[in-house]
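Scroll down for the structure; my scribbles are underneath it.
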Amino acid sequence: MKLWTQFFIPTLKESPADAEIASHKLLVRAGLVRKLGGGLYTYLPLGQRVMQKITRICREEMDRAGGIELWMPHVHPAELWEQGPRWAAAREIMFRADSAGDGKRAGKDPEFVLGPTHEEVITPLVKAEITSYRDLPKNFYQIATKFRNEIRPRYGLMRAREFVMMDAYSFDTNDDNAVKSYFAMKAAYESFFRRLGITAIAVEADTGVMGGSFSHEFMVPAEVGDDDIIYCEESGYAANREKATSALVPADLADAAPAGAIEEFATPGVVTIAALEAAPYAVSADRQFKTLVYVGDGKPFLIVLRGSDELEEAKLGALGFTVVRPATAEEIEPVLGAKPGSLGAVRGTIRNADALAGVFADHAIRLIGNGVTGANKDGFHLRNVNVARDLAVTKFGDFRRVRPGEPCPKSGRPLQSRRGIEVGHIFKLGTKYSDKYGAVYTDDQKQSHPMVMGCYGIGISRTLQAIIEQSHDADGIIWPWHAAPFQVLICVLDPQLPEAMELATKLGNAAEQAGAEVLVDDRAERPGVKFKDADLIGLPLRLTIGGKGLKEGIVELKWRTRKDVEKLPVAEAAERIAAAVREGAGA
RNA sequence: CGGGGCGUAGCUUAGCCUGGUAGAGCGCCUGGUUUGGGACCAGGAGGUCGCAGGUUCGAAUCCUGCCGCCCCGACCA
């Protein structure tokens, strides 16, 4: 039992000016966190208790799924990363961790960095320590602080520079076993979020800089989320928009027959899809080819889409480049022969085709017959362009951004879209890191193989905020039982009355014996203040002891989720509270 | 990093355009009256107006630079 006056819960009537979304405001107003700087937060005692709740449940689920907890350093030798597969891609978000020193290293690469994640640490460790199939599989995890110099920290704990994450790494002898490990983790995640009392759905996701073969994100549906989830209720298909596909292009699509030879025509001043749609050209966007130039690891390449489609940049990851960026106008002209606005991928029109790393086309362009594209000559376009006959495509792929309303790839029903907060991510990595670091084992035939890896993350601190985002009302937080910092608040309206505090102690003990953690509001505040704060901090069960009620021999029980108040005779109160606690814990 | 906005007491902010004694609400301290949904009265403490330059007789206010924070975009748990 904790007395409010001996604890520390600095609640605020007003929201801080820098908080934008409900959960961020409530985190601060309810006295869970305070900001130190952009993306840097102190967890106050109440917030820390919630962190411990989430951490404990996470640990239990990880242990149950066969995870083995360890602890890795957060200061990493930079060399370790320089040797790894993604230094170039990751260094921008990494904090350097040199001594403050004399400034002589300024401008040079750092000696140490703060760990944004730990593949680069765990893989060499496992390489050194595990060499036999007898010691596999293994799944190591830690629950620890991560450091990422986010380009734009935002929304309180939602995107912080320093945050708490559970990260796990599985090592298996072969692909089948790695898939088993992957789905064991998926199940553990589902159990974790269910126990916390929040809805998090697993969606297919892009593997991003992590690499690997497939992955799921766990999303808490919320309007303020950073990600778009594309889903179909009928088939259960759900994917991050970055990864989502649709059945827009029929599998049995037959390419349109060419209507005639390619013709060049003048289009002075026309540099946009929209301008070609307008008179006098009147070419609808879905009959235009859009040709984009990107640079992958220093070499330009083309992406061809329908004029009506948008490129989904994340899908370029499938091309295997380490760093990809849009080309600049200066880079484009020498290669293609024209400025942006007149570009195309028609065979023979590209000035320096040898300079290209490839021409990659979205499947959907096959829906175009006799289309229009740039002539690679400023102010000219080509008509009667046909995909199979005319375009110099190296490879087809899925590069376009799916839009809601397109047919679901499983059911064919229209896809829907909603926003979500990513709270967890699981990756089947394959052998990307084990190859790089030489993490191999010897099988029972004395053969050496790379270990097949998976990696898994849960944003613990982000989950804290996601719970609030998903579970609050106009008055404050509504904690799910198992995430709540305390489960029972005993509101003593007249703490100066000895009998009131005695009863609070007695009933608090009863609640504790039933398995609850109890906070007693013993402040000498007016009732209104106490009730407002009670709603704000949102403990699931509130017990009110007032001088007035005591005279009548009653106390009051109220659930944070409900409006009604249950009046209990003092004589029955202890028993009734214990029952309510058991009910809350079981719910 | 590009675009936009904001820095005034612990918090929320007015004042800035049009330069002239820095104000309010909340919170805090003292006393009193109150006491079941953020009470009231009286008194009080608390500010280098983000920092550094400049203009001016005089700068929170005008100008320049820097720093910090927030929002929109690309990245992530």
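Letters go in sequence order (proteins before strands), and every chain restarts at 1.
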To the nearest angstrom, the CG-C1' distance between A:D227 and B:A74 comes to 13 Å
Side chain of A:R152 only, heavy atoms from C-beta on: which candidate in B:C76, B:C70, B:C72 is closest?
B:C72
So which nucleotide from B:A77, B:C72, B:C69 ends up closest to the side chain of A:R462?
B:A77
Pick base, sugar-phosphate or nothing for A:G549, based on heavy-atom distances below 4.0 Å to the nucleic acid.
base
Criterion ring pair (Phe, Tyr, Trp, His ring centres under 6.0 Å) on A:F218 and A:F192, from CA distance to verdict
CA-CA 11 Å; A:F218 284 76; A:F192 167 74; 9.4 Å; no
Just say parallel, tilted or perpendicular for the rings of A:Y182 and A:H216, cut-offs at 30° and 60°.
tilted
What's the closest nucleotide to the A:E14 side chain, out of B:C70, B:G38, B:G25?
B:G25
Rounded distance (Å) that lies between atom C1' of B:C75 and atom CE of A:M94:
15 Å
Identify which nucleotide among B:G37, B:C76, B:G38 has an atom closest to any side-chain atom of A:D533, counting heavy atoms from C-beta outward.
B:G38
For atom C1', what is the distance between B:G68 and B:C51, given to the nearest Å?
10 Å
B:U33: pairing nucleotide in any strand, Watson-Crick or G-U under 3.5 angstrom
B:A39
Whether A:R148 contacts B:C76 is assessed here as follows: a side-chain N or O lying under 4.0 Å from the phosphate OP1 or OP2. Is that the case?
no
Base, sugar-phosphate alone, or nothing: which one does A:M158 contact when heavy atoms must sit under 4.0 Å apart?
base
Side-chain N or O of A:R154 less than 4.0 angstrom from OP1 or OP2 on B:C72?
yes
Name the nucleic acid region contacted by A:G546, choosing base, sugar-phosphate or nothing; use a 4.0 angstrom heavy-atom cut-off, strictly under.
base
Does a side chain donor of either A:R86 or A:Y433 reach within less than 3.5 Å of an acceptor in the other side chain?
yes
B:A77 C1' sits how many Å from A:N240 CG, rounded?
13 Å
Aromatic ring pairing A:F301/A:F321, orientation class (parallel under 30°, perpendicular over 60°, tilted between):
parallel
What contact category does A:Y189 fall into here, base, sugar-phosphate, or nothing, at under 4.0 angstrom with non-hydrogen atoms?
nothing
Candidates B:A39, B:A77, B:C26 - which lies nearest the side chain of A:R526:
B:A39
Within the structure, does a side-chain N or O atom of A:Y155 lie under 4.0 Å from either OP1 or OP2 of B:C72?
yes
Taking the side chain of A:E422 as heavy atoms from C-beta outward, which of B:A77, B:G36, B:G38 is closest to it?
B:A77
At less than 3.5 Å, do the side-chain atoms of A:E556 and the base atoms of B:G36 form a donor-acceptor pair?
yes
Looking for any heavy atom pair under 4.0 Å, which part of the strands does A:V529 touch: base, sugar-phosphate only, or nothing?
base
Can you say whether the rings of A:F427 and A:H425 are parallel (under 30°), tilted (30 to 60°) or perpendicular (over 60°)?
parallel
Ranking A:A160 and A:S15 by the position along RNA chain B of their nearest nucleotide, the one closer to 5' is A:S15
Between B:G36 and A:R542, counting only base atoms on the nucleotide and side-chain atoms on the residue, is there a donor-acceptor pair under 3.5 Å?
no
Watson-Crick/G-U partner (both atom distances under 3.5 Å) of B:G73:
B:C1
Integer-rounded Å distance: B:G73 P and A:R241 CZ
10 Å
Among B:C75, B:C69, B:A77, the nucleotide that comes nearest once only the side chain of A:E242 is considered:
B:C75
Euclidean distance, atom CD of residue A:E150 to atom P of B:A74 [Å, nearest integer]
14 Å
Tell me whether A:K243 is salt-bridged to A:E217, with the criterion being a basic N under 4.0 Å from an acidic carboxylate O.
no
Now, which nucleotide makes the Watson-Crick or G-U wobble pair with B:C16, with each of the two distances under 3.5 Å?
none
With a cut-off of less than 4.0 Å, is there a side-chain N or O of A:K13 near OP1 or OP2 of B:G27?
yes
When you measure from the side chain of A:R159, which nucleotide among B:C76, B:G25, B:G36 comes out closest?
B:C76
Looking at B:G36, B:C76, B:A77, which one has an atom nearest to any side-chain atom of A:H425?
B:A77
Verify whether one side chain among A:D398 and A:T245 offers a donor that lies under 3.5 Å from an acceptor in the other.
no
Do the charged groups of A:R419 and A:D228 touch, with an N to O distance under 4.0 Å?
yes
A:P527 side chain: which of B:A77, B:U12, B:U35 is closest?
B:U35
d(CG, A:L196; C1', B:A77) in whole Å
15 Å
Just to confirm, is there a sub-4.0 Å distance from OP1 or OP2 of B:U35 to any side-chain nitrogen or oxygen of A:K530?
no
Please work out if A:R34 contacts a base, only the sugar-phosphate, or nothing of the nucleic acid, heavy-atom cut-off 4.0 Å.
nothing
Taking for each residue the nucleotide of RNA chain B with the nearest heavy atom, is it A:H24 or A:A314 whose nucleotide lies nearer the 5' end?
A:H24
Report the base-pairing partner of B:C6 (Watson-Crick or G-U wobble, both distances below 3.5 angstrom), or none.
B:G68
Which part of the nucleic acid, if any, lies within reach of A:D226 when heavy atoms closer than 4.0 Å are counted: base, sugar-phosphate only, or nothing?
base
Using a cut-off of 4.0 Å on non-hydrogen atoms, how would the nucleic acid contact of A:D535 be classed: base, sugar-phosphate, or nothing?
base
Rounded to whole angstroms, how far apart are NZ on A:K532 and P on B:C26?
16 Å
Could you give the CZ-to-P distance, from A:R523 to B:C28, as a whole number of Å?
10 Å
When you compare the ring of A:F531 with the six-membered ring of B:G38's base, are the centres less than 5.5 Å apart and the planes under 30° from each other?
no
